[in-house]
Novice: 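Sending over a structure as structure tokens; questions will come in a sec.
Bear in mind that the values here come from a model prediction, so they are computed numbers and not experimental data. Labels below follow one simple rule: chain letters A, B, ... track the order of the sequence lines, proteins then strands, and each chain is numbered from 1.
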Amino acid sequence: MKFQGKVWKFGDNIDTDAIIPARYLNTFDPQALAAHCMEDADPDFPRKVRPGDIIVAGENFGCGSSREHAPIAIKAAGISCVIAKSFARIFYRNAFNMGLPIFESPELYDRIAEGRSVTVDGDSGVILMEGAEASPLSIEPIPPFMQELIADGGLMQHLARKSRG
Amino acid sequence: MGMTITEKILCRHTGLDELHPGMLINAKVDIALGNDVTAPLAIEEFRKAGGKKVFDEDKVVLIPDHFTPNKDINSAAQCKIMRDFAREQEITHYYEVGEVGVEHALLPEKGIVLPGDLVIGADSHTCTYGALGAFATGVGSTDLAAAMLTGEAWFKVPETIKFVLSGSLNPWVSGKDLILYIIGQIGVDGALYRAMEFTGETVASLTMADRFTIANMAIEAGGKNGIFAPDDITEAYVQPRAKRPYTVYASDADASYAQVMEIDVGRIEPQVAFPHLPSNTRGISEVGHVPIDQVVIGSCTNGRIEDLRTAAAVLKGRRADPRVRLIVIPATQEVYRAAMKEGLFDIFLDAHAAVSTPTCGPCLGGHMGILAAGERAVATTNRNFVGRMGHPRSEVYLSNPAVAAASAVLGRIAGPDELT
């Protein structure tokens, strides 16, 4: 599974209240959540983001609440994948369970400027930055079972499909 | 090789003879918890996967506490999804408004969670139950849905950081200050993916309320769980409430730890976490002049009767500064009734506090005390992220109940020692 998109950068400790403020949690409709995605970190983000774009962040992305609305909002906003130095543990689980691909890269954040483009190859575990001068960065590939889960749209859809055979 | 208390509880729930950090395990859960924000999603996922009946109606716990009493039409609809499901599934532990309380105060109080249990909750502060000597951790709605279906969840066995607490607490220092201090030391990802085990001579002098507060905020250091080995204080709390057998575990002397931190609590003064991270802590003597607009005393972190007694001791015979809105939210109906009987409400009302029915309310910017742009609140809650209690340009300062009460009186962040 490959992703190519424009980079939006966010710093360290981006918490779930920044990703989707609790005041909007009175619904779990993905499009309604997407309309407020990252709003408290960048109020214009929901209007600026385009399908396929990629979020690149620092340490501990997704810290705070267990709300699954966070990966749902990011996915529904059109973000194809998130690449951070590290992820908070509940967000890490939730992202895969919701079918949002995420990658840990300690290096990318410090080497890419916002607005540049990156290509992520989740099969071979490589990130290519726009421009020929940059050398590729290696990441942990997404194993086949997890790729299937993501392709199915998340854990429960995956289980449902498997139980149907 | 010995095991930690966390490893032992996980092990006992897998059928394995031993396990070690890093192992992926599938474990049986004793309690699977959801609330009005997270359960509706889990219920949808449960149905999507073809779920007809939960694995055990005594072990799936559904608590409408976040936006209740329903704050608007959408939240009423979310609560209705959960209520209808609870009735259909004949869920034993569903509590309606009038009986419900803030989940992490309510479950221990009702004896629903007991020592040795393995608990998952679709709420990050599920780690609170570690105070009872249970393994408890927050998960997302989908993990909850899978557990509702199968009674199981997968885990990566965490490494453990041991915190050895020694010395005696200074006046007005409580569990809140200890955990804020620790988070200030190790940072909001200092315990990422790890268990936080609290031990040492000081633990024997910590009340259950202190321990709940400490375990509650393990997640604010990125921890998977926070845990205390049960002792006489735990037994005294649990015995009158337990309606089923439970098992007490303790770490082996030769258990292995990723890290050991020694903390002399005698060096800790009341702590305040400045915006916008719980790790941004300062001692009360280093706060400076910070005028405030609101004080919130309550939440799963500090809404227990001990917390209200502390606040009342500071507020007795005093009034909140006229520029400050003081909001007191007992965490459960039992706390509410106790506070009323003990005369605490008179003290709060005389202090011009608004006393609310139990709800998570303002802690997560839901309702019952939202901040406007530029406003500042001192809160006994657990998070001070941007926009947590309202407008993205509002500010939340986290403290213990004594500091919160004194701050309400003085109209600025202050410790009780500053009151004359």
Novice: Measure the CG-NE2 distance between A/N26 and B/H66 for me, rounded to the nearest 0.5 Å.
Specialist: 13.0 Å
Novice: So, taking the atom named CD in A/E59 and the one named CG in B/L192, what distance separates them when rounded to the nearest 0.5 Å?
Specialist: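 Separation between the atoms: 9.0 Å.
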Novice: When you compare the side chains of A/S65 and B/R383, does any donor N or O come within less than 3.5 Å of an acceptor on the partner?
Specialist: no
Novice: Quick check against the 3.5 Å criterion: does A/R89 have a side-chain atom that pairs as donor or acceptor with the backbone of B/R194?
Specialist: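 Here the side-chain-to-backbone pair does not exist.
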Novice: Once you round to the nearest 0.5 Å, how far does OG of B/S141 lie from CG of A/N97?
Specialist: 10.0 Å
Novice: Measuring from A/R23:CZ to B/K71:NZ, what's the distance to the nearest 0.5 Å?
Specialist: 9.5 Å
Novice: How about A/M98 and B/T142: do any of their side-chain heavy atoms sit closer than 4.5 Å?
Specialist: yes
Novice: If every non-hydrogen atom of B/G140 is compared with every non-hydrogen atom of A/E68, which pair is closest and at what distance?
Specialist: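 Reported closest heavy-atom pair: C-OE2, 3.2 Å.
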Novice: Given heavy-atom pairs under 4.5 angstrom as the criterion, report whether the side chain, backbone, both or neither of A/L25 touches chain B.
Specialist: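 Both backbone and side chain of A/L25 come within 4.5 Å of chain B.
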Novice: In this structure, are over 12 heavy atoms from other groups packed under 6.0 Å from A/K2 atom NZ?
Specialist: no
Novice: Please state whether the side chain, the backbone, both or neither of A/D40 comes within less than 4.5 Å of a heavy atom of chain B.
Specialist: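 Contact with chain B: backbone and side chain both.
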Novice: Among A/D15, A/D12, A/N60, which residue meets the side chain to side chain contact (heavy atoms under 4.5 Å, CB included) test with B/V188?
Specialist: A/N60
Novice: Quick one: OG on A/S66 to CD1 on B/I120, what's the gap to the nearest 0.5 Å?
Specialist: 10.5 Å
Novice: Quick check: do B/I219 and A/I90 have side-chain heavy atoms less than 4.5 Å from each other?
Specialist: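 Result yes, sub-4.5 Å side-chain heavy-atom pair found.
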Novice: Tell me the closest heavy-atom pair linking A/F28 and B/Q78, and the distance in Å.
Specialist: CD2-OE1, 3.3 Å
Novice: Within this structure, what is the CG-NE2 distance for the pair B/L41 and A/H69, rounded to the nearest 0.5 Å?
Specialist: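 Going from the CG atom of B/L41 to the NE2 atom of A/H69 covers 4.5 Å.
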Novice: Between A/Y92 and chain B, with a heavy-atom cut-off of 4.5 Å, which part of the residue counts as in contact: side chain, backbone, both or neither?
Specialist: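 The side chain, not the backbone.
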